[in-house]
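One structure below.
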Amino acid sequence: MREPRYENPIYAEALLEQRRLKSLMVPKPLPEDLRFVAGADVSCGRFGSTLWGAIVVCDLKEKLRPAASSVARMEVSFPYLPGLLAFREIPVLKKAWEGLKLKPDVILCDAHGIAHPRGFGEAAHLGVVLGVSSVGCAKSLLCGSFEMPSMERGSWSNLVFEGRLVGAALRTRSRVAPVFVSAGHFSDLPSAIALVMACSPRLRIPEPIRQAHALCNAARRGEAREG
DNA sequence: GCGACAG
DNA sequence: ATCTTGTCGC
């Protein structure tokens, strides 16, 4: 059962902060000379009060080989609310970021960028907060509509919300469900699509995000096994 | 008013 | 997201 929590003052504050940070976001093509691409993902325990966040940096010029990584753990109180996911997950990701020895040129986030009800999803939020280029790559839709792209890898279609082009349904693997790509900080749709394709040579999920997913899950399970 | 709703 | 084993397919 979901509660009408947006009425709580803390959420009203989050909405204001979201609007403030959005005004700092800068739309522009990703740099041409990208090399280190990071993936960010978060996993949580059964009751969701403890989060594990991971960031893995892959070398685009070395077949996406991992070049650095960092995991962090944190207790959180902010609940999951569609549209306010960033307020729950960004703190632990910021902590993981601080532990990274090699900062990436761009970070791929397992969430939406501007394909968001107020145009500022977690991927965009993370980019602005860290001051790094960011791209959103989500597995399911938050808002908007699209036509299913054709079955071949590389095909994509527009993701439209309130009459605006906010992202793309991109087929990263033939005959497999598409992912939803949208621009974040210091990025735009065309370059974001190109980056996601470059990071997903064979599987549906971009390699940096897959690596981050595996890392935070391993951290969580490993800890559960001990105490 | 009714449904939809990233992870 | 998480709770969960085996199983089908490349």
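The structure presented is a predicted model; accordingly, all values stated were derived computationally and were not measured. Letters A, B, ... are given to chains in the order of the sequence lines, protein chains preceding strands, and every chain is numbered from 1.
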| field | Distance under 6.0 Å and angle within 45° of ring axis: A:K103 vs A:F36 | value |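 The answer is no, since A:K103 fails at least one limit relative to A:F36.
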Test side-chain hydrogen bond (donor to acceptor under 3.5 Å, both in side chains) applied to A:S150 and A:S155, step by step: CA-CA 6 Å; A:S150 56; A:S155 67; 3.3 Å; yes
(message) Using side chain to side chain contact (heavy atoms under 4.5 Å, CB included), reason through A:M74 and A:W52 one step at a time and then give a plain yes or no.
(response) CA-CA 7 Å; A:M74 188 178 275; A:W52 281 263; over 6 Å; no
Nearest-Å distance, [atom1] ([X]) to [atom2] ([N])?
X      : N     : atom1 : atom2 : value
A:L93  : B:dA6 : CG    : P     : 17 Å
A:F161 : B:dC5 : CZ    : C1'   : 11 Å
A:L142 : C:dA1 : CG    : C1'   : 14 Å
A:F47  : C:dC3 : CZ    : C1'   : 10 Å
A:Q18  : B:dA6 : CD    : C1'   : 12 Å
A:W52  : C:dT2 : CH2   : C1'   : 12 Å
A:E89  : C:dT2 : CD    : C1'   : 13 Å
A:R220 : C:dT4 : CZ    : P     : 11 Å

Taking only the side-chain nitrogens and oxygens of [X], find out if one of them lies under 4.0 Å from OP1 or OP2 of [N].
X      : N     : value
A:K139 : B:dA6 : no
A:S140 : B:dG7 : yes
A:N217 : C:dT2 : yes

Next on the checklist: Does A:E147 form a side-chain hydrogen bond (donor to acceptor under 3.5 Å, both in side chains) with A:S157? I'd like the steps, not just the answer.
Outcome noted: CA-CA 6 Å; A:E147 286 185 3; A:S157 55; over 6 Å; no
A:F87/A:Y11 under ring pair (Phe, Tyr, Trp, His ring centres under 6.0 Å): CA gap, chis, key distance, verdict: CA-CA 9 Å; A:F87 292 88; A:Y11 305 120; 9.2 Å; no
(message) Any base atoms under 4.0 Å from A:G136, or only sugar-phosphate, or nothing? Heavy atoms, all strands.
(response)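 Touches nothing.
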By nearest-heavy-atom nucleotide on DNA chain C, the more 5' of A:R202 and A:S43 is A:S43
**OP:** May I ask whether A:Y80 stacks on the base of B:dG7, given the cut-offs of 5.5 Å between ring centres and 30° between planes?
**Re:**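 Here A:Y80 meets both the 5.5 Å and the 30° conditions.
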From the candidates B:dG7, C:dT2, B:dC5, the one with an atom nearest any side-chain atom of A:P82 is B:dC5
Open item on the list: Between A:R204 (side chain only) and A:P178 (backbone N and O only), is there a donor and an acceptor less than 3.5 Å apart?
Closed with: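 Yes; at least one donor-acceptor contact below 3.5 Å.
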Dot-bracket for DNA chain C, 5' to 3', Watson-Crick and G-U pairs with both distances under 3.5 Å, [ ] for crossing pairs, | for partner on another strand, reads ..........
In the structure I gave you, are the side-chain heavy atoms of A:V176 and A:R171 within less than 4.5 Å of one another anywhere?
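A side-chain contact is absent here, since even the closest heavy-atom pair is not under 4.5 Å.
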